[in-house]
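Note sheet for the following structure.
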Number of protein chains: 2
Amino acid sequence: MEKISRTKIVDLMKREDFGAMVNVKGWVRTRRGSKQVNFIALNDGSTINNVQVVVDLANFDEEMLKQITTGACLSVNGVLTESVGAGQKAEVQAREIEVLGTCDNTYPLQKKGHSMEFLREIAHLRPRTNTFGAVFRIRHNMAIAIHKFFHEKGFFYFHTPIITASDCEGAGQMFQVTTMNLYDLKKDANGSIVYDDDFFGKQASLTVSGQLEGELAATALGAIYTFGPTFRAENSNTPRHLAEFWMIEPEVAFNEIQENMDLAEEFIKYCVRWALDNCADDVKFLNDMFDKGLIERLEGVLKEDFVRLPYTEGIKILEEAVAKGHKFEFPVYWGVDLASEHERYLVEDHFKRPVILTDYPKEIKAFYMKQNEDGKTVRAMDVLFPKIGEIIGGSERESDYNKLMTRIEEMHIPMKDMWWYLDTRKFGTCPHSGFGLGFERLLLFVTGMSNIRDVIPFPRTPRNADF
Amino acid sequence: MEKISRTKIVDLMKREDFGAMVNVKGWVRTRRGSKQVNFIALNDGSTINNVQVVVDLANFDEEMLKQITTGACLSVNGVLTESVGAGQKAEVQAREIEVLGTCDNTYPLQKKGHSMEFLREIAHLRPRTNTFGAVFRIRHNMAIAIHKFFHEKGFFYFHTPIITASDCEGAGQMFQVTTMNLYDLKKDANGSIVYDDDFFGKQASLTVSGQLEGELAATALGAIYTFGPTFRAENSNTPRHLAEFWMIEPEVAFNEIQENMDLAEEFIKYCVRWALDNCADDVKFLNDMFDKGLIERLEGVLKEDFVRLPYTEGIKILEEAVAKGHKFEFPVYWGVDLASEHERYLVEDHFKRPVILTDYPKEIKAFYMKQNEDGKTVRAMDVLFPKIGEIIGGSERESDYNKLMTRIEEMHIPMKDMWWYLDTRKFGTCPHSGFGLGFERLLLFVTGMSNIRDVIPFPRTPRNADF
């Protein structure tokens, strides 16, 4: 077969030099046609669009043609031709075909219309489908948008550790990491396990957040962001929970709560706009196939300023709704940790746009949040989105050493783990703020998928660590 | 204090609107001067350069001035002024100073000239030093360069799982991940631990490589790269080993070994050029303070094409060197896994430029590499660099199902873990290639640092998981 430099299908679709000899490589999606002419839809993953390869059967070997089945991998030399049908502009009139890899009828993606549950069982093959190709190209693009946004603003990408010996959010939800021989655990006189011989010489776990280390970095480099895997050992088998997920956590020295809100709003609008601008084909596919309101919802969040509202005002609105007869599953009262139904009522029913809720009761928020002068609330901010509920959670941090210490003692957080964190407040403390965005939450929003297991390549959930 | 919008020091240095009122915020690096005028070197992490704040002592409160010590955090309003001295172009004549955070004399970074060992013990504060500020800004920039390079080439960033139940490189080097109660392990009649109740329902570990999952993605999306944390539970206390490190692994459908070499060379040159172009101040600082040959070495790898040489030829050169009297610590013979001294001899002494060594004996390489027709070698490629030795390791992959199976059986790799990987060869197999780059290896090269613990914010090594 003549050696011609390969053109990716995404690039081929832009070419207009009809008549040129080209080479395309990819996998057969479908094959149809008559006894004289066949049409092969070939996909190489570079785009959701297939290129149509036109095969004049008389010119090719019969045995070779038999191997052109769904899922087979081909290399095709042919003439770039203007397409007469609807859809794509260019097609390829095949001159030479090489079957690089055959695919027999045990291939699980033979026919269309598989359930999402079934596709999760073959997560190693599902990126070959239109749906998951689209989702993972969008996933890539959102990651690029995130890096681009922060880099252009002068933030530094900072790698916080995955394995940690600190434990500020409760060991019950953490995965333990060990190299000990579980058949021969060393114990002391009281029967307690001795971690001397474990890899790190002490008990270690997988991180639940890089924020505390991010604060160390922000008070040195000024503005940083993390973007890495994060772990929760919660035994929650729901469409919204993963044991392993990716999180983005910017942290900025000298930013107060207002600037933190500005940053969060600008950031998430940038990501959504990027998806609309750079993933148009994939977003349109998902809109048409899964979620007819997707594009409208994406454009919706870009249109207006987000509402900024204190928690106390939010509770009033919810209480008024209850008074007027609106039924919530969970009760509404000042002090309650809002449920998703409450958040979505504010966003979808009351304001009809995203809401940043601020100044939450301190009892339902983390120890490190800056305490307001009312003695009751802290400078937390949650960004609430249509369909998703909370998509971002953040706060201005408590920068006063004594106030922070008091809160740590009130909440019985083990001090031995915290000395290095407290040093940021001891040595040149400064106002600073940050927030966390669950990457998969963002992806649920921009793809319209309804199960979080379908926006990460290989989901880790209770009883599932396949592939 | 008057509210003036803050200017980052990196941006202030570019301003020429002398006479303007500006606000800068940052941490005091040094303070010196006379009884009338003091000079404060202020740094905000945005650049290695400090801004000089000129303080006419008579205009300020004495108690406030006492608080301006090394490490204190200040907000300064003042007049942007053209600097008369050497060095920076702009300085700030202070009009108002607010001490945001004091810093007493227990601050460990009071004086200069701390040992690297000491700075590792205060890894939570070391990003505030010139050296580590430079290293972590370069680290950020290298990450950005990597994403930019692959994105512009149409690769998709793909998140392979961190927690895995597969184990292809030997469990001895892996960290086990568990939620089991180690005080009450469930065992079967034979005394074997039963993992039914563990989080994933089976034994799970931290990944040692995302390559196999990357191949799944490449044979669907065409060209992908991973960039994520990777783990080795090796008990190696050396300047070149980390238990937790970041790795980049591109994988490309239809690329053969030559195109894989082209990609690796273009990629690493892109990163090095990015460092020279975008981190000039930081690289220059590290060149001047730590490694006078740094910039020359960086420019050196950009100048010429890398040598491409089969392993067998490389062994001949090394044997000739031995014959001529060159002493190596480890023996040289066909079949040996080259030591760093051998690799560096080829690069630094013989060719005086980077070398891509190919076609290694199959016995010393992984099961998935494409077997050559000689029956003895595989299409491996290692990129060897001055000072570092191997910086990239890759290969064309074996795409033939039967050949791959034979090798898997020869090497006694447990098949039950591999069914999903083998599906790529069963269903539309294709030639494909990829490689892995240890991110911290790249950083050792571009920063000139000599210990890998100094190019990652919080190193994880045997008996160390602090911060």
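Numbered from 1 within each chain, the chains take letters A, B, ... in sequence-line order.
Contact annotation for Pro127(A): both backbone and side-chain heavy atoms come within less than 4.5 Å of a heavy atom of chain B. Of the atoms belonging to Ile144(B), it is side-chain heavy atoms, and not backbone ones, that fall under 4.5 Å from chain A. Both the backbone and the side chain of Thr219(A) have a heavy atom closer than 4.5 Å to some heavy atom of chain B. For chain B, the nearby part of Phe158(A) is the side chain; its heavy atoms alone come within less than 4.5 Å.
Among the candidates Pro108(A), Pro462(A), Ala72(A), Ala204(A), the residue making the largest number of heavy-atom pairs closer than 4.5 Å to chain B is Pro462(A).
Classification of the His140(A)-Tyr225(B) ring pair by plane angle, with boundaries at 30° and 60°, yields perpendicular.
Lys202(B) has a carboxylate O that lies under 4.0 Å from a charged side-chain N of Asp466(A), or vice versa, which qualifies the two as a salt bridge.
Proximity of a side-chain donor or acceptor of Arg6(A) to a complementary backbone N or O of Asn255(B) within less than 3.5 Å is not detected. Remark: side-chain polar atoms of Arg460(A) are paired, donor with acceptor, to backbone N or O of Ile163(B) under 3.5 angstrom. When atom types are taken as modelled, the side chain of Glu244(A) and the backbone of Ile162(B) share a donor-acceptor pair closer than 3.5 angstrom. The main-chain N or O of Ala220(B) is never found under 3.5 Å from a side-chain atom of Trp27(A) such that the two would form a donor-acceptor pair.
No close placement of the Tyr157(B) and Phe136(A) rings is indicated, their centers lying 6.0 Å or farther apart.
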I'd like to know whether His151(B) forms a side chain to side chain donor-acceptor pair (under 3.5 Å) with His147(A), so could you lay out the CA-CA distance, the side-chain angles of the two residues, the decisive distance to 0.1 Å, and finally the verdict. CA-CA 11 Å; His151(B) 177 64; His147(A) 283 297; over 6 Å; no

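The ring pair (Phe, Tyr, Trp, His ring centres under 6.0 Å) test with His159(A) singles out one residue from Trp246(B), Phe245(B), Phe458(B), and that residue is Trp246(B).
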